[in-house]
Structure formats: C-alpha cells, structure tokens
Amino acid sequence: MVGGLDAQFGAPFGDDAEPQSDLDLVVGQGEPQRVGRFRYWLGEQRWEWSDAVARMHGYEPGTVEPSTELLLQHKHPEDRPQVAEVLERVLQGEPFSSRHRIIDTGGQEHWVIVVGDRMLDDTGVVTGTAGFYVDVTDVLQADVSAVVSEVAESRAVIEQAKGVLMAAYGISAERAFDILVWRSQETNVKVRELAARFLAAMSGTFPPDSVSLVDHTLLTVS
C-alpha cells in the first residue's frame, strides 16, 4: 500500500512528489529509484512500500501487496539467515540497519541498505517500524559522480555529513549524497542546511552503538 502520512516523520510517503526547484538540491530527485521508504504496522502486521521500493523488487507500484513472506522470497539465498534476524527486530518494532542483496522479479541482483527506526503514536507507544531502502548497486554511479565532485569543492559541510553516513553504513560518497538529497526534499530544507543540522545533532561523543544513533538522527532530523 502506498500513500498517506508518516505518523512519526510527518512527511508524504510517495516518491512522486514534485521536485524542488531550488538549485541547492543540485540533482533534483537524486535518482529516486535508488532511495525509497517503507513502513511496517505492528497491530495490522501490514507492510507499506513506496513506489521506489516496489520498483527495486521489480514491481510496478500498486501491483503487489508486500508481506513478510514476499520480502524473504526476494532476498538472496545466502543472505536470508541474516535478513530473518533483522525481520525479527522489525516485527518487534525495534530499530535496525542491514546491508544485503535482493533479487528482483527479473532475476537482477541488487545490493541494498535498509534502515529502520521505531514509529510512535502521539502517546509514545510503538506502532511499528519506518525507514528507507538505498540501492547501492553500482548502476548509474557515473551520472552522479560529476555532480558530487563539483559540490565537494565548495560545500565542506555536505562532505562532512557524507563522511558520517559513509562510515556508518559502509557506502560510497555518491550514495551518501543521494540520501542527503532525498532527506532534503522530504524536509523541504536545502541540502547544505540539512547537512549542517544533521552534523549538529550528531556532535559530541559517539556511544558504543554509534550506527543506531546515526540511524535515529538521520530519520528524525528536520
């Protein structure tokens, strides 16, 4: 199911919103097929995929109802034990992050990073898990690299925020920039300002579980 508002993050769920015209967004939608949202509702045991996540799995938006069984069917056989452990955390409404492979309906293999955080109602009760998929397969990487190189010369704060994401998730600079652009659009905040707020929220000593802190901060900074 696609649509509606995120109870925790307060942002439209779809990937097809009109892109911002501000030049500080640099690359428009930042290759929207590479980043998309998901939700899992504990009470209803129901999954929601954005259009981009559906397409990562090889489906046209609205043509499939995601389920736990369907998710497992698309995981690479060698990664299913790891993903099964992650799904246990999802089904309990716990934060998580995972890097693994999925196989789409056409048989193409994708490396994805999936990050989730708790979804809360107005009283603070956990209602599910919400987060995002990032397709880190090296497709169309060259299309982004030229833009990233240009930005790197003048926007040190963006590079610092990218560095945090790269270290935390083990991803390339291009994919880290994709995430910042995507969050910039969702929050309607310029990339440079979003990166500065993210770094300010992350300042200080990292606790031992630093990746979980990065996950939570990225998904809640606005």
Side-chain angles (χ1 to χ4, degrees), residues 1-15 17 29-57 61 66-68 70-72 74-75 79 82-102 110-121 124-137 161 164-166 168-171 175-176 178-187 194 198 201-202 209-222:
M1 177 179 179
V2 177
L5 296 176
D6 188 315
Q8 182 178 6
F9 305 117
F13 189 60
D15 296 305
Q29 291 191 348
E31 298 294 349
Q33 299 310 308
R34 291 200 294 240
V35 183
R37 275 198 177 277
F38 76 89
R39 295 193 192 95
Y40 177 74
W41 300 91
L42 285 171
E44 305 169 37
Q45 298 185 0
R46 175 171 57 88
W47 290 89
E48 295 180 1
W49 282 352
S50 68
D51 292 355
V53 175
R55 290 191 176 107
M56 285 180 199
H57 289 80
S67 65
T68 302
L70 183 67
L71 263 68
L72 285 172
H74 280 281
K75 304 309 179 186
D79 295 341
Q82 167 200 343
V83 173
E85 293 181 6
V86 171
L87 282 173
E88 283 298 317
R89 301 190 67 177
V90 174
L91 298 179
Q92 295 175 26
E94 297 180 2
F96 72 92
S97 62
S98 174
R99 180 172 182 163
H100 58 265
R101 290 164 289 180
I102 63 175
H110 302 257
W111 275 99
V112 296
I113 288 176
V114 187
V115 176
D117 199 5
R118 296 181 302 166
M119 195 162 53
L120 309 175
D121 64 15
V125 174
V126 177
T127 59
T129 303
F132 61 88
Y133 274 71
V134 187
D135 189 334
V136 294
T137 313
V164 173
L165 296 175
M166 290 165 64
Y169 300 144
I171 59 178
R175 294 302 179 265
D178 283 349
I179 295 173
L180 291 174
V181 171
W182 167 69
R183 283 293 288 151
S184 170
Q185 292 176 355
E186 287 207 331
T187 58
L194 187 284
F198 175 59
M202 289 295 299
D209 193 10
S210 58
V211 172
S212 294
L213 176 60
V214 173
D215 296 344
H216 178 76
T217 304
L218 176 65
L219 290 170
T220 57
V221 66
S222 62

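Hydrogens, waters and symmetry mates are skipped; everything else that's a heavy atom, side chains included, is used.
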K.L.:
Which residues pass the side-chain contact (heavy atoms from CB on, under 4.5 Å) test with Thr187, not counting sequence neighbours?
P.N.:
Arg183, Val189, Leu194, Ser222
K.L.:
Kindly give the heavy-atom pair with the smallest separation between Ala130 and Met119, and that separation in Å.
P.N.:
CB-SD, 3.9 Å
K.L.:
Assess, by modelled atom type and distance only, whether the side chains of Gln82 and Ser98 contain a donor and an acceptor separated by less than 3.5 Å.
P.N.:
yes
K.L.:
Please give me the minimum heavy-atom distance between Asp117 and Pro95, naming the atom from each residue.
P.N.:
OD1-CG, 3.7 Å
K.L.:
Looking at Val136 and Val112, what are the two nearest heavy atoms and their distance?
P.N.:
CG2-N, 4.2 Å
K.L.:
Mind checking the CZ-CD1 spacing from Arg175 to Ile113? Nearest 0.5 Å is all I need.
P.N.:
10.0 Å
K.L.:
Strictly distance-based, threshold 3.5 Å: is any side-chain N or O of Asp79 a donor or acceptor partner for the main-chain N or O of Arg101?
P.N.:
yes
K.L.:
Can you tell me how far apart CE (Met56) and OG (Ser50) are? Round to the nearest 0.5 Å.
P.N.:
7.0 Å
K.L.:
Please determine, by modelled atom types, if Trp47 and Thr68 share a side-chain donor-acceptor pair under 3.5 angstrom.
P.N.:
yes
K.L.:
Find the distance between CG (Leu91) and CG (Leu42) and round it off to the nearest 0.5 Å.
P.N.:
8.0 Å
K.L.:
Going from CD on Glu48 to CZ on Phe38, what distance comes out if it is rounded to the nearest 0.5 angstrom?
P.N.:
11.5 Å
K.L.:
For Gln45, look at atom CD and say whether over 12 heavy atoms of other residues, nucleotides or ligands are found less than 6.0 Å away.
P.N.:
no
K.L.:
I'd like to check Leu165 versus Leu218 (side-chain heavy atoms, cut-off strictly below 4.5 Å). Are they in contact?
P.N.:
yes
K.L.:
Which heavy-atom pair separates Trp49 from Leu70 by the least distance, and what is that distance?
P.N.:
CH2-CD2, 4.1 Å
K.L.:
Considering all heavy atoms of both residues, which atom of Thr129 and which atom of Phe96 are nearest to each other, and what is their separation?
P.N.:
CG2-CE2, 3.8 Å
K.L.:
Considering only heavy atoms from C-beta outward, does the side chain of Ile102 approach that of Trp111 to under 4.5 Å?
P.N.:
no
K.L.:
Glu88: what forms a salt bridge (charged side-chain N to carboxylate O under 4.0 Å, His left out) with it, not counting sequence neighbours?
P.N.:
none
K.L.:
If you define the side chain from C-beta out and look only at heavy atoms, does anything of Asp178 sit under 4.5 Å from Val134?
P.N.:
no
K.L.:
Do Ile179 and Phe132 have side chains that get closer than 4.5 Å, going by heavy atoms?
P.N.:
yes
K.L.:
Would you say Leu180 and Trp182 make side-chain contact, with heavy atoms under 4.5 Å?
P.N.:
no
K.L.:
Looking at Arg37 and Glu186, is there a salt bridge between them, counting it only when a charged N and a carboxylate O are closer than 4.0 Å?
P.N.:
yes
K.L.:
With Tyr133, which of His100, His57, His110 fulfils ring-ring contact (aromatic ring centres under 6.0 Å, His included)?
P.N.:
His57
K.L.:
Should Thr127 and Leu120 count as side-chain neighbours, where that means a heavy-atom distance under 4.5 Å?
P.N.:
no
K.L.:
Which atom names give the shortest non-hydrogen contact between Gly36 and Ala52, and what distance separates them?
P.N.:
CA-CB, 4.0 Å
K.L.:
Measure the CD-CG distance between Glu85 and Leu87 for me, rounded to the nearest 0.5 Å.
P.N.:
10.5 Å
